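The first residue of the sequence shown is numbered 1, and numbering continues consecutively from there. Predicted, not measured: the structure shown is a model, and the values here were computed from it. Atom set for the values below is all heavy atoms of this structure, side chains included, hydrogens, waters and symmetry mates excluded.
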Amino acid sequence: METVTESGESSQNSKVTPSPQETEQNAQILPGTLLAGDVAGSIDDPIEKTEEMAVTIKSAWMNLEGVVTMLREIKETTQDPLDLPGTRQATDETGSIDDSIEQARGIAATTKSVWMNLEGVAITLRETKSAGLVTVNDTNGDPQAWAARSRDLVKELTPALTTMSDFISLIYARYGRGEDLEQAIKITELLLEVTPIGTPSRVSVLSSLSTLFGHRYDRLREPEDLGKLIKYAEDTLDEAAEDSVHTRIFSSKLSNKLFARYARFGNLEDLTKAIDRAERALPVTNAFDLKTLNNLSNYFAARFERLGAVEDLESAICRAELGLTIAAKGSSVRLFLLSSMSVYLHTRYERFGSLDDLEKSIHQSQEVVTATLTNDPNRASRLSSLSNHLSSRYERLGNLEDIENAIDTGQQAVAATPDGHPDLASMLNSLSIQFFRRYERLGALEDLDKAIDRAQGGVAAAPIDHPDRAENLNSLSCFLSSRHERLGTLEALEKAIDGSHEAVVATPINHPSRPHRLMNLSCHLSRRYERLGNLEDLEKSIDQAQQAIAATPDGHPNLAFMLSRLSGALYSRYERLGNWEDLEKSTNQAQQAVAATPDGHPDLAIPLTRLSSSLYSRYERLETLRDLDKAIELAREVVAATPDGHPDWLQRLNNLNIYVSRRYKRVGTFEGFGEAIDRPQKAVAVIPDDHPAQATILSSLSDLIYIRHEREGTVEDLDKAIELAQESLSVTPANHPDRSLRLNYLSIRLFRRFKELGTLEDLDAAIDRSQEAVASTPAEHPWKGTMLFALGALFIARYIRTDNLEDLESSLSTNQGSWNSKNAPPSQRIDAAHSAALILSYQNRWHEANSILEEAVQLLPQVSLRSISRDDQQFQLSRFSQLATDTLFAGLQAGKGVHHCLKLLELSRGIILALVMDCRSDVSDLRVEYPALFERFTSLRSEVDVPFELNKLGPPSELEWKRRVQAVSELDETLNAIRGLPGFEGFQLPPEAEDLMAMARQGPIVIPYSSKFGSGAIIISKSTIKSLPLPDLEYEEIMERMRQLREDLFRGSRSTYPARNQQLLDILLWLWDTMVGPVLEELEFRPCLDETSLPRIWWIGVGALATLPFHAAGDHSPGSTHNTFSRAISSYIPTIKALSYVREGKLELLGRQDSKLLLVTMPTTPNKPRLTKVAGEASKIASVVSETTNTLLLESPSAAHVLEELSSCQAVHFACHGISDAKNPSNSHLLLFKNDGSERGAIDPLTAGAISGTNMRKMNAQIAYLSACHSASNQAQNLANESIHIASGFQLAGFSHVLATLWKSQDSAAEEVAVEFYRSLFDGHGDGHSKVSLSLHRAVKRLRDRIPRQPIVWASYIHTGA
């Protein structure tokens, strides 16, 4: 009996038999009998029913005896096995005919027993009647005896009847005998009678009856049978559970039957019901989805033909389109949908005359015909449809070729079926494999053609059920796929998929070749995705690969290949959708593939190539240099191991070129770059014109030459790069997924030529190509955002050139589109948001600008990931140098509260510092209230706090990387959990307004900022938070003054020294007039001669203002008080979070008996000027502090020695050279000494990164005095907001106070300021944090008072900290 499985597939199996208790509870006994409470009935009713059942069962018994006889006759003539219940063994092999005979005999015996039992019940009932018991409730006898016997009979009949019904149905399905079908119907009808309403198995019985009457209708075409099958189908749905998969499946079947009755009798009501039932059947998550969609589209089309309502035709097209979006390429149902769609479009063409509809109908008809095998029963009809459509185009356009093709296609529709010979199949397949192997080695296209020809012959020679057919199809699909790779022939790839799919379907689940065939199908689907960009192909490719790997045991020789292919498919999906998890999975699968491949294996290059690609893509996402370096290393290994002439040599070479060129863009070194250009130039010279890698190689060479142009500036290189990009584009198919990327590359090169030569035609062409790139990129693709952003830049350039407001609006629109591209990299989206906000600001649309900038700031944490190295964090954040200031200004202009804007500023600045501080700040409140959560949080943050660079000498292993990523994820989850607790909502977030004002009790905090739209300062005092506009502080002038500070003032001969000092005095006066003076006036800070009474002030410069000398601003002529020195004691701090961080500890250096000051001196440094004063400086300091603090002197120590000794010291003083690294501020360093065995030794740098990587807070680190050049200088302008320099490194390490310099210091002045500082600090008057800043203030002011006209000497010294 036919039932429907949970998956929706039809199968033959036994029904679920209700338990005796369930039958007892739900039974209606027998038709005609009485239940408790019913009116008395005649005993004749059960007697007649029992005798009727006995006759039916006897007939079934006799029929089964006939089946046994038939099976014995079959046995005597053949050993044809039966696939019947009970005939399959544990090995899943088909049972012998003896098993079938034995089963039939057993069922016949059971049937006979039931018949005899029924006869006995009938006799008993008649005897009861003869005894005078006329009604059920007659009291002259036992009125319940026969009823109880009837109940027992029901319990016995149900499983027996179910088995009989199933068995006879299968006999009919196998041999098609009409008498078996009739017997199955009778038995099933009887089963329905004895199955109580409400019993779960009753729905299955109704379903089976509907199916059986469907068989009889198909056999006899009797309308009565069609009516019965529909009736029983409707009864099935009435009694089935609501909205289940089974009911939807059956509803789909019912719609088919209703439509069949409509087609036969033309009753419109049946058609309407068919549509209704089909719509109810959707959606179903199995194969019936697409069949039902296809049928539903046919029903709508039929109603359009009947009633002419255009909406019905559109509904038909809509349903078919929906089916095509989800149907598997090459599946039979897709071909049905395509065929139907081609007819619908042709119908719409006939209705409205749209040539586009006609072209599409022909294209789809051709695709259907091409994918339909020659022995497919639908081929003729599909060819006929194509013929009709081509004929219509001939009538419309008069192209003779169309009619020729229409005639030819029509002739094919009536042609005979192809010949086939099973004996040739295996030989042809074997020969084809040999031809293919020689092709792989030598690349001769003739061999590939021969392989395909023989494989096709093998497939044609193998009958459908031939055991070799699946392997023939599998081989043919591989050969056809290779032809596609070589020649780019899409038809070959389509046939490869069709053949591969057929091979998989024909292969049993447990067949050892099934995983291999599944993987081949996966590969073909991936290639079609690469060609056409259909995401469904990629999803199916991943699914097929996962099935293949799941069925492949560990250690199997093909496992590495399969893992590598799955890695590639996951990587493609990452490229398309931007899902980070896909990239991680791809990398993991590739690593497993490499691990599963023995060293020296000829195919090792395959997983190595895959792994290098995944690592490169991870670099593209995170910009982690170690990933790029590893990708290059692996790619070089692959190229070296690939022999010339290998089919994959060009592609592997191209990958290496791409990686090398990208590394140059990152670090600017040309190492190996000439070789990188030379390789593709040679490849271009030898590559065949029809090679599929030609476009890729040309594009790669264009990129490399363009990079050389960027470095050397030759116009010839730029022209050549453009020429190659155009050539690459010309050989890229229109529907190729890489076409949009190549269009974008060409646009970039044209834009570059416009910027250099000013030719507007180049800019217009760049915009055209960029628009094409955007239009051809799917909306969900990660490239979409990148290309929209590039297009926005082009529109802005043309707006600047032509002043066309339409270009400005277009730029805004494209940048907003890029920002809204959720799958684009976060850094790209932030760039786009910033660009869009700048345009909105230019238009005074401040609310919109503020909105998009606020969202962009919230995205910043996704860019600076904790799991990547410090260098990579810097590289990523360097592109957002102006974001913080512009966000602040836009918020203020939009009327947002100052505190709100300040919180956003904190979130968008000092991100790297904040990550470290969050891992080390005090969380004692959490420990008190939630000790378990505290332990988890502190454990995770300690793990994350260790930089990769300090783990070991080499780069981190992949295992360490994965653990870091996991730990970061766990830490983020823990942070979210903590912030969900009452009282901890702001845990490690910017402080609230009340907390900020409390922080200003020791002195106001001033945050000056400047953007292209305006400047100002946020002032936090103990009573208010406000913004002070600074209209005279202009952004352009700030940038010029900063340039002077970097380039002009500290370079030159002695003769220019007075002029340079005067230039600095001018800068200090300008700074007072435009910013510092108005701020101090607003704070009502007045001149004060008593230094101990001066108020403190903290400066937090934003962006370009981050390293300006606010403490030295003003007029320093004798007697003047219009300067900062006369009105406040200045301190600097990178962020508010940093100020809170350094204030967590108390200053306990003064007066502690066990305190220690470490003195580090470098009188001589290899290749640097001698520092003649440092020895005396250290000696004098030791003398000053000798009565209060212990000292330890290290002369010319190594960095490691210094770090070791620091763990036991509360203060440290360095007297040495310092260097600020403009490219990588974390590499800014103090120059120490390393004994490398040479006569002079070598420099041992103590870098800002290394210092910040240590945690000395528990050792009560308090004061670090850096008497070295540039120790508080960050010359990397694009990282100004990160405040990364040597001084901030010591702050992160735990020192509450750092004394440092903004620029180069003078040896003698350094000694004077340092000694005076310690003398004041240890003078016995006062204690606490304020004593440190006051002591430096005194020392520097004393030097200033002595040489006021030499600010180059005295204005460099600053205090940063608590």
Side-chain heavy atoms of [X] within contact of [Y], under 4.5 Å:
X       : Y       : value
Trp1099 : Val1076 : yes
Leu904  : Glu854  : yes
Leu741  : Met787  : yes
Phe1013 : Tyr1035 : no
Ile839  : Ser811  : yes
Met999  : Trp1098 : no
Tyr706  : Ile748  : yes
Leu808  : Gln843  : yes

What closest approach, in Å, do [X] and [Y] show between heavy atoms, and which atom pair accounts for it?
X       : Y       : result
Gly792  : Asn815  : CA-ND2, 4.0 Å
Tyr529  : Asn534  : CD1-O, 3.3 Å
Ala884  : Ser908  : CB-OG, 3.3 Å
Trp819  : Ala832  : N-CB, 3.7 Å
Tyr1132 : Phe1110 : OH-N, 2.8 Å
Arg909  : Gly1101 : NH2-O, 3.0 Å

Can you tell whether the side chains of Arg798 and Asp764 come within less than 4.0 Å, N to carboxylate O?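 Counted as a salt bridge, because a side-chain N and a carboxylate O are separated by less than 4.0 Å.
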Give a yes or no on whether a salt bridge exists between Lys903 and Glu992, defined as a side-chain N under 4.0 angstrom from a carboxylate O.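 The answer is yes: the pair qualifies as a salt bridge.
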So, the side chain of [X] versus the backbone of [Y]: is there a donor-acceptor pair under 3.5 Å, distance only?
X       : Y       : result
Glu906  : Lys1137 : yes
Ser1228 : Asp1221 : yes
Arg769  : Tyr745  : no
Lys784  : Thr777  : yes

Approximate separation, where rounding is to 0.5 Å, of [X] [atom1] and [Y] [atom2]:
X      : Y      : atom1 : atom2 : answer
Glu855 : Thr887 : CD    : OG1   : 11.5 Å
Glu772 : Leu729 : CD    : CG    : 7.5 Å
Phe880 : Asp886 : CZ    : CG    : 13.0 Å

Evaluate whether atom NZ of Lys1223 has more than 12 neighbouring non-hydrogen atoms of other residues, nucleotides or ligands under 6.0 angstrom away.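 For Lys1223, atom NZ is not crowded (no more than 12 foreign heavy atoms under 6.0 Å).
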Taking atom types as modelled, is there a side-chain donor on Thr587 or Arg618 under 3.5 Å from an acceptor on the other?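 The answer is no; no qualifying pair exists.
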Quick one: sort the Phe751 and Phe754 rings into parallel, tilted or perpendicular, breaks at 30° and 60°.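 Rings of Phe751 and Phe754: parallel, as their planes differ by under 30°.
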Checking Thr885 now: which residues fulfil side chain to side chain donor-acceptor pair (under 3.5 Å) with it, not counting sequence neighbours?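 For Thr885 there are no side chain to side chain donor-acceptor pair (under 3.5 Å) partners, ignoring immediate neighbours.
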